[in-house]
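Here is the structure we will look at.
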2 protein chains.
Amino acid sequence: MTDRNLVSIRPFLANLAGLVRMREEELTHLMHLVKALNRHTAHQHILEEEAPSDRIVVLIQGSACRFRRLPNGRRQITAFLVPGDICDYRFLSSGTVGQSVAALSPVAVARIPVEAFVAASETYPVFMRAMLSASAVNDAIMREWMISLGQRNALERVAYLLCELELRMRRVGLVEDGSFSFAATQADLGDALGLSSVHVNRTLQELRRRHLVGMSKGVVTLYDVDSLGRLALFEPHSLGYDRAGRAAVPMH
Amino acid sequence: MTDRNLVSIRPFLANLAGLVRMREEELTHLMHLVKALNRHTAHQHILEEEAPSDRIVVLIQGSACRFRRLPNGRRQITAFLVPGDICDYRFLSSGTVGQSVAALSPVAVARIPVEAFVAASETYPVFMRAMLSASAVNDAIMREWMISLGQRNALERVAYLLCELELRMRRVGLVEDGSFSFAATQADLGDALGLSSVHVNRTLQELRRRHLVGMSKGVVTLYDVDSLGRLALFEPHSLGYDRAGRAAVPMH
DNA sequence: GAGGCGACTTAACCCAGGTTAGGCGAGCGT
DNA sequence: ACGCTCGCCTAACCTGGGTTAAGTCGCCTC
């Protein structure tokens, strides 16, 4: 493993530990499964559509997105990734499914050999359970995006996305005073929300005007999460987190 | 198991056998895991949001949908289910995630106790692999719906949905002469596609006018799958099927 | 420090699809 | 045979968000 000391994989551990109960020993063992820690610059691809899935790839630092391109050139971003997120779950079924992952900012990425992970799961079944839970949460997030795209208007969509990101960042201990780092451009947001970048701009301005949101230089600030959540029709429990009564994991 | 003779669970077996290679013995064993076969009338709920997931619920006959309701009353259909489909994958992670499943027509449903299934997977690991594959396909379908909602216009969306359904029905041997049964109303289609029922109507008429599609009394006919697919920006391989070189499974 | 590029902003115009409000026919219960 | 409900269809009108086009600002490179 390279430079484990420079970049902490803590968000990853926090992510999984927030889904299943894990003992100290298990967390340590899990940590040692990480075999490589790479960096990518903004806009670089982290995973290609057709890449074999012999590694579990985990985002450790920075922002990234999953997306797919249509034959007509349009792009749909299907997920934003925050530190601790697993980039792609195809290793669970050893299939290859068509979507790529790209960095939105400079990122650090950890890679875990699937074989080693599966082997370790024999001794620690909690590892596989954690992955399946993470995958289920991922599904829930996708489902909620579908609802955004189908039923929410522009203002609600943007508000919803920000609430979702805030919750996910908070879970891994990366929200401070209502602020967190998130590197998508307005065009990226448009490709994720099914809006033009022009309209994303109009919408963000409206949210700023209402003193709900601040956004600049890759830092998002939510001034009033409650009002924003109401506006967004945001229901945290629908994301599959904390339904088990388990909130953000305390980092000791 | 009740009245196994009246309703064939063949679509279910075809579905899984189309994802992983299974021997005759395994298919037989799988069949014997089915412990109950129930019927529901149209509009009845098959699964509630909060239901415990101690059964794997499989649609055997008829049409159904997964959906979630927003606090403002609007409804987003997140998936249509065709015979052979697993209604809900939450049993994989033993979490409860908020969506319901409802019948669109009279349906038959099989139930497999999760415990028995997991136990059987010890002897036949292919069972669990099949479930994970089915879940991955389910993800791919959801992803493609997100792309529809975000990037395709009304005509493309409707066309896409019909192509997808045709493919899925064909996989389980339920397409004859380009026709298959599908019971959603135009309002249902609207709730799935993020369109008003009025506009779904306009759009279907346009597809009929172009001699691409026929639809009446719960029977869909595609007159020209190729043209329709082109119009829809439909890329079958993106659904995760047949990427492994495996097309619709021959039923011997 | 000139030039270029990428992200954000603004404004004018326009259209795809929503909304509202009906009408029509088939099935069904009484 | 009546009336009800439900699904389908039509038409008139309206608006949320798309499109195009241009301008600003900061940052990076040479």
Side-chain angles (χ1 to χ4, degrees), chain A residues 41-44 63 65 70 72-77 102-106 148-161 181-209 213-220 231, chain B residues 41-44 63 65 70 72-77 102-106 148-161 181-209 213-220 231:
Chain A
T41 64
H43 309 296
Q44 231 178 349
S63 313
C65 67
L70 280 181
N72 67 7
R74 305 195 73 166
R75 175 180 73 146
Q76 175 70 35
I77 290 178
L104 295 171
S105 68
S148 265
L149 289 166
Q151 307 297 338
R152 285 187 251 252
N153 64 28
L155 200 63
E156 291 163 354
R157 267 183 235 186
V158 174
Y160 179 88
L161 175 62
S181 292
F182 180 64
T185 67
Q186 294 181 356
D188 293 329
L189 293 176
D191 284 351
L193 298 171
L195 300 169
S196 66
S197 62
V198 174
H199 202 62
V200 169
N201 185 288
R202 291 197 271 249
T203 307
L204 282 173
Q205 281 178 58
E206 174 66 14
L207 289 174
R208 275 196 283 255
R209 201 190 56 70
V213 169
M215 235 181 135
S216 81
K217 291 171 155 294
V219 175
V220 177
L231 169 60
Chain B
T41 64
H43 309 295
Q44 230 178 348
S63 313
C65 66
L70 280 181
N72 67 7
R74 305 196 75 166
R75 176 180 71 147
Q76 175 71 35
I77 290 178
L104 294 171
S105 69
S148 265
L149 289 166
Q151 306 297 338
R152 285 187 252 252
N153 64 28
L155 200 64
E156 292 163 353
R157 266 182 237 188
V158 174
Y160 179 89
L161 175 62
S181 293
F182 180 63
T185 66
Q186 295 181 354
D188 292 329
L189 293 176
D191 283 351
L193 299 171
L195 300 169
S196 66
S197 62
V198 174
H199 202 63
V200 169
N201 185 288
R202 291 196 271 248
T203 307
L204 282 174
Q205 281 178 57
E206 174 66 14
L207 289 174
R208 273 195 285 255
R209 201 189 57 70
V213 169
M215 234 183 135
S216 81
K217 288 172 156 296
V219 175
V220 178
L231 170 59

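Predicted, not measured: the structure shown is a model, and the values here were computed from it. Order of the sequence lines fixes the chain letters, A, B, ..., with proteins taken first and strands second; residue numbering starts at 1 for each chain.
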Outermost nucleotides of DNA chain D that come under 4.0 Å of a non-hydrogen atom of chain B: dG7(D) to dA12(D)
Specify the separation, in whole Å, of atom [atom1] of [X] and atom [atom2] of [N].
X       : N       : atom1 : atom2 : result
N201(A) : dT10(C) : CG    : P     : 7 Å
H199(B) : dC15(C) : NE2   : P     : 15 Å
L207(A) : dC8(C)  : CG    : C1'   : 16 Å
H43(A)  : dG6(C)  : NE2   : C1'   : 8 Å
N153(A) : dT19(C) : CG    : C1'   : 15 Å
E206(A) : dT10(C) : CD    : P     : 13 Å
R152(A) : dG18(C) : CZ    : P     : 17 Å

Could you tell me whether [X] contacts a base, only the sugar-phosphate backbone, or nothing, with contacts defined as non-hydrogen atoms closer than 4.0 Å?
X       : value
G194(B) : sugar-phosphate
G218(B) : nothing
R208(B) : sugar-phosphate
S196(B) : base

Grab the two heavy atoms, one from [X] and one from [Y], that are nearest each other, plus how far apart they are.
X       : Y       : value
S105(A) : S63(A)  : OG-N, 3.0 Å
L231(A) : E156(A) : O-CG, 3.3 Å
R75(A)  : Q151(B) : O-NE2, 2.9 Å
L149(B) : R157(B) : O-NH2, 3.7 Å

Closest nucleotide among dT20(C), dG17(C), dG27(C) to the A154(B) side chain: dG17(C)
Nearest-neighbour nucleotide for the V198(B) side chain, dG17(C), dA21(C), dT10(C) considered: dA21(C)
Rounded distance (nearest 0.5 Å) linking atom CG of L161(A) with atom CZ of F182(A): 6.0 Å
Presence of Q186(A) side-chain N/O under 4.0 Å of dG6(C) phosphate oxygens OP1/OP2: no
Phosphate contact (dG6(C) OP1 or OP2) by K217(A) side-chain N/O below 4.0 Å: no
